[in-house]
Amino acid sequence: MNRIRVLLVDDDDLLRKSLAKELRHSGFEVKTADNAHHALARVKAWLPDVVLLDIRLPDSNGLDTLKAIKRIDASVEVIMLTAYGTVDTAVYSLKAGAYHYLVKPAKLAEIDAAIHKAYEKRGLALENRALREKLRQDVHGDVIVGESPQMQRLLRLVERVAPSDRTVLIQGESGTGKELVARRIHRLSQRRDAPFVLVDCASLSKSLLESELFGHEKGAFTGAAGIKHGFLEAAHEGTLFVDEIGTLEPEIQSSFLRFLETGEYRRVGGTKIRQADLRIVAATNTDLSKAVQDGEFREDLYFRISVIVVFVPPLRERQGDIPLLARHFLERATFGDSPKELSGAALKELERHKWPGNVRELKNTIERAALLCDADRIQPWDLKILSSPAEKMVRRLAREEEMASLRKVESRYIHWVLERVGGNQQKAAEILGIDPKTLYRRLKKERE
């Protein structure tokens, strides 16, 4: 069972050391801090369950420190420690989010009981957050599925960087799920209750993108009949996800860089300087470092958006996740209908495919199969993967040599059929439309 993590913040050395010793003896895991600066650093790095916070600290007052702790993690419960003369301040702290206050010198049993009750309240808050998180996932379908080492490393990195406000660059091929990663970063951040706004740079022309991003004033250009609020305004206090940022035109790169550095911008056709408080998460399926070398992307903007880089691996590099993903998509595709399952042969067919379209291609394949398959079990022929057996065989040959003889192609096809029927020569001969003796002689001659 995990011990309750308690952070004790008090500038009285004797009280801090003696109380910390008693709390450890009571079974708590305890760390200490002697001022607000050290306390906030401890909260960020250690994430305690409960904070015992002295109201008077040498570098801050308890109310400001309490608010700062709640901004880091609202679920951390804070118990204020106060002298007789500052009870009124403690009451104000309760209104600001503190769980309880204790008057010094408090009895150990009283402190122990307050910590346990605060911990129970934190547990309920975390449980409610988890339920809200699940509800959001159920509504939006933006759950990340993957048990491979690559995906587990990715998820750990996301959980680590999400609480900060640093700019994140998500790299990966098309269809790997970069938007899902961006949404997860937003959901795990302190901005989770504010808007998540997506702008797809690749789908908008230069003039339209500038207007959509920054907004425009009435009369800014032909057709601007009124004021338009841009994505920056819409994402205020939340997260702006800039998809395919590598396609930004040079002029917009310059304006966007100024916003990243100052938090200020102007609407198109406007003169008033505006501000937006938001976090930027960007994504690209291209090599931006090469684009910088080729002079197609500003170097200073690249460094500004790549403070933290998250790489989403292609599906072919995490094939162990294919069955898990396939079953996940099938469950969602058949929700409310008669449940269907994937046959073993269908799963093998999925695992053999290289998935150039990544997770998006797999999702579309499963949804199409679920819709068109009349039986309860989906078979390989229901998948209708774009690469037919013959195409796959030709591609396999092409990787090895420029041209192949007809006999070579025939041999490959025969072995492919044998593989599909588990080596049963009688069944393979029936499929090939030849006599089993002919097939036997053919295979014997190849072995010789």
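Along the sequence shown, the residues carry numbers beginning at 1.
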_Please check: side-chain N/O of S343 versus main-chain N/O of A346, any donor-acceptor pairing under 3.5 Å?_
yes
*V242 side chain near C201 side chain, heavy-atom distance below 4.5 Å*: yes
*Does R267 come within less than 4.0 Å of E217, counting only side-chain N to carboxylate O?*
yes
*Is it true that F28 and H116 have ring centroids separated by less than 6.0 Å?*
yes
_So does G172 get a backbone contact from the side chain of K178, meaning a donor-acceptor N/O pair under 3.5 Å?_
yes
*Is any side-chain N of the basic residue among D435 and K437 closer than 4.0 Å to the acidic one's carboxylate O?*
no
*Is R316 salt-bridged to E173, cutoff N-O under 4.0 Å?*
yes
*asked:* Salt bridge or not between E331 and R327? Use side-chain N to carboxylate O under 4.0 Å.
replied: no
Show me the side-chain donor-acceptor pairs of residues 272-282 shorter than 3.5 Å, one per line, residues at least two apart or across chains.
residue	atom	partner	partner atom	Å
Q275	NE2	E264	OE2	3.4
D277	OD1	R191	NH2	2.7
R279	NE	R166	O	2.8
R279	NH1	A162	O	2.7
R279	NH1	S164	O	2.9
R279	NH2	V161	O	3.0
R279	NH2	S164	O	3.3
R279	NH2	R166	O	3.1

*Are any of the side-chain heavy atoms of L350 and L362 separated by less than 4.5 Å?*
yes
*Going by the ring pair (Phe, Tyr, Trp, His ring centres under 6.0 Å) test, which pairs reach into residues 267-302, not counting sequence neighbours?*
none
*Considering only heavy atoms from C-beta outward, does the side chain of V168 approach that of I185 to under 4.5 Å?*
yes
*Which residues share a side-chain hydrogen bond (donor to acceptor under 3.5 Å, both in side chains) with S411, sequence neighbours left out*: E446
*asked:* Less than 3.5 Å apart, any donor N or O on the side chain of S148 or D321 sitting next to an acceptor on the other?
replied: yes
*How about R122 and D73: do any of their side-chain heavy atoms sit closer than 4.5 Å?*
yes
_Can a donor-acceptor pair be found, under 3.5 Å and without considering hydrogens, that links the side chain of S211 to the backbone of L208?_
no
*Could you walk me through whether F214 and H229 pass the ring-ring contact (aromatic ring centres under 6.0 Å, His included) test, one step at a time?*
CA-CA 7 Å; F214 300 107; H229 302 282; over 10 Å; no
*Looking only at side chains, do E77 and H100 share a donor and an acceptor under 3.5 Å apart?*
no
*Before accepting this row, confirm whether a basic side-chain N of the pair D376/K340 lies closer than 4.0 Å to the acidic partner's carboxylate O.*
no
*asked:* I want to check something: taking the side chain as every heavy atom from C-beta on, are L232 and F259 in contact at a cut-off of under 4.5 Å?
replied: yes
